[in-house]
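The figures here come from the full heavy-atom set of this structure, side chains too, leaving out hydrogens, waters and symmetry mates. Chain naming here is simple, since letters A, B, ... match the order of the sequence lines and numbering starts at 1 in each.
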Number of protein chains: 2
Amino acid sequence: MDAKAIKKALGESGLRCTPQRYAVMAFLMAHNSHPTAAEIFEAVNQMDPRSSRATTYNNLRDLVQAGLVREVAAEGRAARFDAKGMRHHHFICDRCGSVEDVEWYDVPRPALRALGKRVLRECELIFRGLCAKCAPRYASR
Amino acid sequence: MDAKAIKKALGESGLRCTPQRYAVMAFLMAHNSHPTAAEIFEAVNQMDPRSSRATTYNNLRDLVQAGLVREVAAEGRAARFDAKGMRHHHFICDRCGSVEDVEWYDVPRPALRALGKRVLRECELIFRGLCAKCAPRYASR
DNA sequence: GTATTTGCAAATCATTTGCATAAAC
DNA sequence: GTTTATGCAAATGATTTGCAAATAC
């Protein structure tokens with residue numbers, strides 16, 4: 001379906017369309033679960049055991065640099081990734097570290113005032129708390 | 001000036017007021033530069049070479065858990081810390097990774113809707129771009 | 001006095017790198 | 001054919017942990 005689109009996007013970014021790189025990109029486009037690099041490696045390698053951990057990491061770096069993939073850093077935990085599709089914000093679970101999409105909402109002008117000489121590239125909302133799975137089991141910690 | 005306040009806050013969190021822990025907390029309260037754990041260790045140890053790297057890390061973890069310190073994760077780089085004082089948002093520089101405070105702005109209700117069964121603890125704005133120092137030198141990358 | 005914290009060095013975890021081989025363009 | 005990417009294993013960087021000795025309460 002978008003095999004061609006992926007190839008095109010990679011080409012335009014000066015990246016060759018190798019099976020390993022394609023697989024990472026396709027996987028991220030098909031899953032909005034914000035997987036970690038390790039999870040992506042597992043999944044991609046299970047379908048076609050031709051990739052290596054290092055290559056997965058290198059490809060993720062390349063894709064982030066090319067602007068095709070977004071990296072979400074969470075405290076103390078491994079980074080998580082998602083294909084840049086429709087704009088959205090993120091909800092990060094305090095308990096399990098999962099990252100979920102939250103419907104996009106334009107940050108109003110007043111919030112952008114105090115930026116001074118800084119050059120703004122993007123502005124994202126990060127919600128934190130307990131995800132729907134963890135909320136009921138709230139007890140420890 | 002707030003030596004007493006620090007001691008009190010630690011006590012209320014069930015944390016003993018050791019010189020090393022106190023030093024970390026006092027340093028964070030006196031500097032809003034969002035230092036990394038390594039920077040905090042350096043600074044604290046320079047004034048009084050009695051602490052160790054491990055203890056600094058452990059104390060930072062304890063202070064974050066106690067809710068006295070906030071941890072800011074940035075992609076690929078070391079975590080940065082700040083004492084929870086006045087509420088504020090963060091600006092993270094794409095180039096140098098520095099984290100700066102941005103005046104607080106209450107996120108309007110509409111943005112808080114799509115949260116479903118999730119339990120919201122906090123909501124923060126993350127601005128990304130080039131800091132005032134890096135903006136003029138924009139060239140490479 | 002007792003429970004917590006420290007410091008050390010070793011361990012772990014996520015991620016990157018060097019380099020020879022293989023594949024994309 | 002040339003340039004870029006791969007896979008491996010080893011390196012790095014950040015952070016954590018085990019444990020005996022020290023210290024806050």
Side-chain angles (χ1 to χ4, degrees), chain A residues 3-4 6-26 34-66 68-69 71-81 97 99, chain B residues 3-4 6-26 34-42 44-46 48-66 68-69 71-81 97 99:
Chain A
K4 213 151 208 167
I6 294 178
K7 191 165 185 173
K8 183 158 164 277
L10 290 176
E12 285 171 355
S13 301
L15 295 174
R16 290 182 178 177
C17 185
T18 67
Q20 294 86 341
R21 185 172 286 152
Y22 176 89
V24 168
M25 193 64 211
H34 302 78
T36 61
E39 286 164 357
I40 296 167
F41 169 68
E42 296 272 311
V44 158
N45 225 49
Q46 193 154 359
M47 308 182 72
D48 179 356
R50 255 193 308 180
S51 194
S52 73
R53 210 169 304 272
T55 298
T56 303
Y57 275 99
N58 287 334
N59 280 329
L60 283 168
R61 192 198 341 83
D62 295 343
L63 293 170
V64 168
Q65 261 182 194
L68 297 171
V69 165
E71 180 176 355
V72 184
E75 305 81 36
R77 317 204 197 222
R80 287 165 177 281
F81 300 86
V99 175
Chain B
K4 214 150 206 169
I6 294 179
K7 191 164 186 179
K8 181 157 166 276
L10 290 176
E12 284 170 356
S13 300
L15 296 174
R16 290 183 178 176
C17 185
T18 67
Q20 295 86 341
R21 187 173 285 152
Y22 176 88
V24 168
M25 194 62 211
H34 301 78
T36 61
E39 287 164 358
I40 296 167
F41 168 68
E42 296 272 310
V44 159
N45 226 49
Q46 193 154 357
D48 179 356
R50 254 191 310 179
S51 194
S52 72
R53 209 170 305 272
T55 297
T56 303
Y57 275 100
N58 286 335
N59 279 329
L60 283 168
R61 190 196 346 82
D62 295 343
L63 292 170
V64 168
Q65 260 182 196
L68 297 173
V69 165
E71 179 176 355
V72 184
E75 303 81 36
R77 318 203 197 222
R80 288 164 176 280
F81 300 85
V99 175

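When all heavy atoms of L68(A) and A9(A) are compared, the pair lying nearest together is CD2-CB, 4.0 Å. Closest of all the heavy-atom pairs between T56(A) and A37(A) is CG2-O, 4.0 Å. Shown here for E75(A) and A73(B), the closest heavy-atom pair between the two residues is N-CB, 3.5 Å.
Where C17(B) and R77(B) each meet DNA chain D at their nearest nucleotide, the meeting point lying more 5' is that of R77(B). If you find the closest nucleotide of DNA chain D to K7(B) and to A78(B), the one lying nearer the 5' end belongs to A78(B).
One interatomic measurement links the two molecules: OH of Y57(A) to P of dT15(C), which rounds to 4 Å at whole-angstrom precision. Computed from coordinates, the I40(A) CD1 to dT15(C) C1' distance equals 13 Å when rounded to whole Å. As a whole-Å value, the separation of L15(A) CG from dA24(C) C1' is 12 Å. Remark: C1' of dT15(D) and CD of Q65(B) are 14 Å apart, rounded to the nearest angstrom. When the P atom of dT15(C) is taken as reference, atom CG of D62(A) falls 15 Å away, rounded to whole Å. The CD-C1' distance, from E75(B) to dT16(C), rounds to 17 Å in whole Å. The separation between K8(A) atom NZ and dA24(C) atom C1' is 20 Å, rounded to whole Å. At whole-Å resolution of the value, OH in Y22(B) and P in dT4(C) are 24 Å apart.
In this structure, the separation between CE on M25(B) and CZ on R21(B) is 11.5 Å, given to the nearest 0.5 Å.
With hydrogens and angles ignored, no donor-acceptor pair closer than 3.5 Å exists between the side chain of R21(A) and the base of dA5(D). In terms of polar N and O atoms assigned as donor or acceptor, the side chain of R53(B) never comes within less than 3.5 Å of the base of dT15(D) in a complementary pairing.
Using a 4.0 Å heavy-atom distance criterion, P49(A) is classed as making no nucleic acid contact. The residue A38(A) sits apart from the nucleic acid: no heavy atom pair falls under 4.0 Å. At a threshold of 4.0 angstrom between heavy atoms, the contacts of S51(A) are confined to the sugar-phosphate backbone, with no base atom among them. Counting non-hydrogen atoms under 4.0 angstrom, N59(A) reaches the backbone sugars and phosphates but no base. Residue-level contact check: T18(A) touches the backbone only, with heavy atoms under 4.0 Å from sugar-phosphate atoms and none from bases.
Listed candidates were dT4(D), dC8(D), dT17(C). Nearest to the side chain of R16(A) is dT4(D). Considering only side-chain atoms of P19(B), the nucleotide from dC8(C), dA24(C), dA24(D) that sits closest is dA24(D). When distances run from any side-chain atom of R61(A) to the nucleotides dT6(D), dT6(C), dT17(C), the shortest one goes to dT17(C).
Side-chain contact between V64(B) and R61(B) is absent, with no heavy-atom pair separated by less than 4.5 Å.
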